[in-house]
Amino acid sequence: MYFNKQYFQLFGEKEFDTYEREQIVAIKDEIERESENYILNVNETEFINYITNKYVLKEPQFDYDNIFVSTYQKDIEGKYWPRRYNVYDDKFYSVDVIVYHIPFVGMSELLKYTPNPRMLWTEKVYIEEQCLCYEIISFEKDASKVKREFESFVNNLNQQLNNLLGNIQQYNDKLYNIIKSTLQSKKQKILEKNNMLAALGVPIKKVDNISKTFSVPISKSKKK
């Protein structure tokens, strides 16, 4: 159960601004890859809605009413123990680890990104069964101290999350217009080229095997 955890730095792996720019480049590239015939014939509203639904970001929302804990033992080298313990630096000693599991919905990937503005704070966490998991090493076996540390974690989590939610909202709000303008720009360029070719006064060679299907693909939910 506790093997192969994919730890990451909460809100600390990559700038959200960089992620947003990459998303917008991916959107524009996807539209540019569509054939000229498809762009001219597809239902514009349906296509814009399809791309919007594909790239919209589902914000993380935590369910604090259903938090639960688990525990396991971990061997930790003596040099990482508090100095008040009589241990040797180069030897390993077993200690209890308390794991808080915080259920959430939304895109787990977004929890890796650093918002702008931000707090200068991060913690090492992992995702397990759609829960954000935060570990506390219980050297003292003091429940009140563990609770205080977790409360501090949640307070910082909420502050940083609010910053991230602001970034996500701004991105989602402008997504439709970015897609619409990109599509219309590509369509306008195609029409201008076709008008120029038509003005030459000679027949235009048709491309073979042009698809006659101009429907929008069925939208799939973005993976969490």
Side-chain angles (χ1 to χ4, degrees), residues 6 8-36 38-67 102-123 125-127 130-132 134 153-192 214-224:
Q6 299 297 314
F8 64 91
Q9 291 299 132
L10 183 61
F11 305 117
E13 294 288 324
K14 187 176 183 178
E15 300 289 333
F16 180 85
D17 290 345
T18 300
Y19 173 72
E20 178 181 324
R21 287 193 295 270
E22 291 172 349
Q23 287 287 99
I24 292 173
V25 168
I27 289 167
K28 293 181 177 180
D29 286 347
E30 180 164 345
I31 295 173
E32 286 299 323
R33 286 195 301 269
E34 296 291 354
S35 70
E36 294 183 356
Y38 182 87
I39 292 296
L40 292 176
N41 289 278
V42 73
N43 181 288
E44 185 173 299
T45 300
E46 289 181 358
F47 182 78
I48 294 171
N49 287 336
Y50 164 72
I51 299 295
T52 300
N53 290 334
K54 182 175 180 180
Y55 285 93
V56 71
L57 300 182
K58 310 298 192 300
E59 61 185 35
Q61 296 180 346
F62 291 101
D63 180 5
Y64 292 113
D65 291 332
N66 288 294
I67 293 174
I102 312 174
F104 70 94
V105 295
M107 296 171 60
S108 60
E109 178 185 6
L110 295 175
L111 296 174
K112 297 179 180 180
Y113 297 119
T114 305
N116 181 20
R118 75 195 69 183
M119 296 170 53
L120 295 178
W121 171 84
T122 184
E123 291 286 356
V125 297
Y126 63 94
I127 303 294
Q130 203 56 27
C131 288
L132 179 69
Y134 174 60
F153 170 82
V154 169
N155 181 59
N156 289 329
L157 168 64
N158 284 331
Q159 290 187 56
Q160 195 77 303
L161 179 63
N162 284 335
N163 292 331
L164 180 66
L165 294 180
N167 292 166
I168 293 171
Q169 186 63 54
Q170 290 174 7
Y171 165 85
N172 285 339
D173 286 347
K174 64 187 177 183
L175 188 59
Y176 184 93
N177 287 333
I178 289 173
I179 295 166
K180 181 178 180 179
S181 63
T182 302
L183 175 63
Q184 292 179 339
S185 175
K186 180 177 175 65
K187 182 180 290 188
Q188 183 62 31
K189 290 177 182 178
I190 296 170
L191 292 173
E192 289 174 355
F214 306 112
S215 61
V216 173
I218 298 175
S219 181
K220 295 182 179 179
S221 300
K222 187 181 284 287
K223 292 182 178 180
K224 295 179 179 179

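FYI, the numbering just counts along the sequence from 1.
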Please list, chain by chain and in numerical order, all residues satisfying salt bridge (charged side-chain N to carboxylate O under 4.0 Å, His left out) with Lys180, sequence neighbours excluded. none

Please check this pair: side chain of Gln160 against backbone of Met119, looking for a donor-acceptor N/O pair closer than 3.5 Å. yes

Does Glu59 have any salt bridge (charged side-chain N to carboxylate O under 4.0 Å, His left out) partners at least two apart in sequence or in another chain, and if so, which? none

Going by side-chain contact (heavy atoms from CB on, under 4.5 Å), Leu175 matches just one of Asn177, Ile179, Asp173. Which one? Ile179

Main chain of Phe16, side chain of Asn116: is a donor-acceptor contact present, judged purely on distance under 3.5 Å? no

Check whether Thr182 reaches the backbone of Ile178 with its side chain - one donor and one acceptor, N or O, closer than 3.5 Å. yes

In Å, rounded to the nearest 0.5 Å, how long is the span from CZ of Phe153 to CD of Glu123? 6.5 Å

Does the side chain of Gln159 come within less than 4.5 Å of Trp121's, by heavy atoms? no

Listed by chain and number, what are the salt bridge (charged side-chain N to carboxylate O under 4.0 Å, His left out) partners of Lys189, not counting sequence neighbours? none

Between Leu111 and Phe8, what is the shortest heavy-atom contact and its length? O-CE1, 3.8 Å

Atom CD of Glu192: over 12 foreign heavy atoms under 6.0 Å: yes

In this structure, are over 12 heavy atoms from other groups packed under 6.0 Å from Lys187 atom NZ? yes

Is Lys54 salt-bridged to Glu30, going by a charged N under 4.0 Å from an acidic O? yes

Taking the side chain as every heavy atom from C-beta outward, state whether Ile67 and Phe62 have any pair of such atoms under 4.5 Å apart. no

Value for CD1 (Ile48) from CG (Asn43), rounded to nearest 0.5 Å, stands at 9.0 Å

Which value, rounded to the nearest 0.5 Å, describes the distance between Asn53 atom CG and Tyr176 atom OH? 10.5 Å

Interatomic distance, OG1@Thr122 vs CD@Glu13, rounded to 0.5 Å, equals 7.5 Å

Taken in chain and number order and not counting sequence neighbours, the residues that satisfy side chain to side chain donor-acceptor pair (under 3.5 Å) with Asn156 are none

Residues two or more places apart in sequence or in another chain: which of them pass side chain to side chain donor-acceptor pair (under 3.5 Å) with Glu32? none

Take Ile127 and Leu132 through the side chain to side chain contact (heavy atoms under 4.5 Å, CB included) test and state the conclusion after the steps. CA-CA 5 Å; Ile127 303 294; Leu132 179 69; 3.8 Å; yes

Could you tell me which residues satisfy salt bridge (charged side-chain N to carboxylate O under 4.0 Å, His left out) with Glu15, sequence neighbours excluded, listed by chain and number? Arg118

Should Tyr55 and Ile24 count as side-chain neighbours, where that means a heavy-atom distance under 4.5 Å? no

Can you say whether the rings of Tyr113 and Tyr19 are parallel (under 30°), tilted (30 to 60°) or perpendicular (over 60°)? parallel

Determine yes or no for a side-chain-to-main-chain donor-acceptor pair under 3.5 angstrom, with Asn167 supplying the side chain and Asp17 the backbone. no

Test side-chain contact (heavy atoms from CB on, under 4.5 Å), reference Lys186, set Leu191, Leu40, Ile39, output is Ile39

CD1 of Ile190 to OG of Ser35, rounded to nearest 0.5 Å, is 8.0 Å

Working to the nearest 0.5 angstrom, can you tell me the gap between Thr45 OG1 and Leu183 CG? 9.5 Å

Does any N or O in the side chain of Gln130 come within less than 3.5 Å of the main-chain N or O of Phe104, such that one atom is a donor and the other an acceptor? yes

